[in-house]
Amino acid sequence: MTDQQLFQCACEALKMAYTPYSHFNVGACILATDGRTFQGCNVENASYGATICAERTAVVTAVTQGAQAFSAIAVVGEDAPAWPCGVCRQVLNEFSADMRVICGAAKTGEYQVVKLSELLPHSFGPHDLQQ
Ligand code: THU
């Protein structure tokens, strides 16, 4: 699975976004180390705080199907890149702090690739709670 393919997979997921309030569609596709991919889109709610981001939809779907180690996630906005929010950075960090984050815009097809550890330096994670 190439970065380009993962990016395209996130663009497909973006089409499923449920965004009646913000109309800001986000798609994600996370790549497990076993090669499986899991898509996610943002799912908004009339009680705004109950909204779930695309990245968390993807990672929760993956964990539900037995994947807990990831090598990369692609996240796309429609017109402009949608960088993962702080909560999503923390949730991704829970499973694979060194995964690559491919972030771009569906409309332009352009993306950047960074490490999650660049987006969430000095993170607090599972290792901090080990006895
Ligand atoms: N959103 C995501 O899906 N991922 C992010 O990391 C940033 C924000 C969504 C949540 C909400 O549905 C919309 O973008 C506007 O905040």
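For ligands, and for the atoms within them, numbers begin at 1 and follow the listed sequence. Computation of the quantities below employed the complete heavy-atom set of this structure, encompassing side-chain atoms and omitting hydrogens, waters and symmetry-equivalent molecules. This is a predicted model, so every value here is computed, not measured. Numbering of residues begins at 1 and proceeds along the displayed sequence.
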Closest approach of any protein heavy atom to atom 3 (O) of ligand 1, naming residue and atom: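 Of the protein heavy atoms, Ala54 N, 3.0 Å lies nearest.
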
If the cut-off is 4.0 Å to any non-hydrogen atom of [X], which atoms of ligand 1 fall inside it?
X	value
Glu55	2 (C), 3 (O), 4 (N), 5 (C), 6 (O)
Glu44	11 (C), 12 (O), 13 (C)
Trp83	6 (O)
Pro84	6 (O)
Cys85	5 (C), 6 (O)

Options Ala28, Ala82, Cys53, Gly40, ranked by nearest heavy atom to atom 2 (C) of ligand 1, top entry: Cys53

Donor-acceptor contact below 3.5 Å, side chain [X] vs main chain [Y]:
X	Y	value
Arg89	Leu119	yes
Thr57	Cys41	yes
Asn42	Val26	yes

Aromatic ring pairing Tyr111/Phe7, orientation class (parallel under 30°, perpendicular over 60°, tilted between):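 Plane angle between 30° and 60°, so tilted.
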
Heteroatom proximity flag, Asn42 to ligand 1, N/O under 3.5 Å: yes

Contact check, side chains of Leu116 and Ile73, non-hydrogen atoms, under 4.5 Å: no

Side-chain heavy atoms of Gln5 within contact of Thr37, under 4.5 Å: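 Side-chain contact under 4.5 Å: no.
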
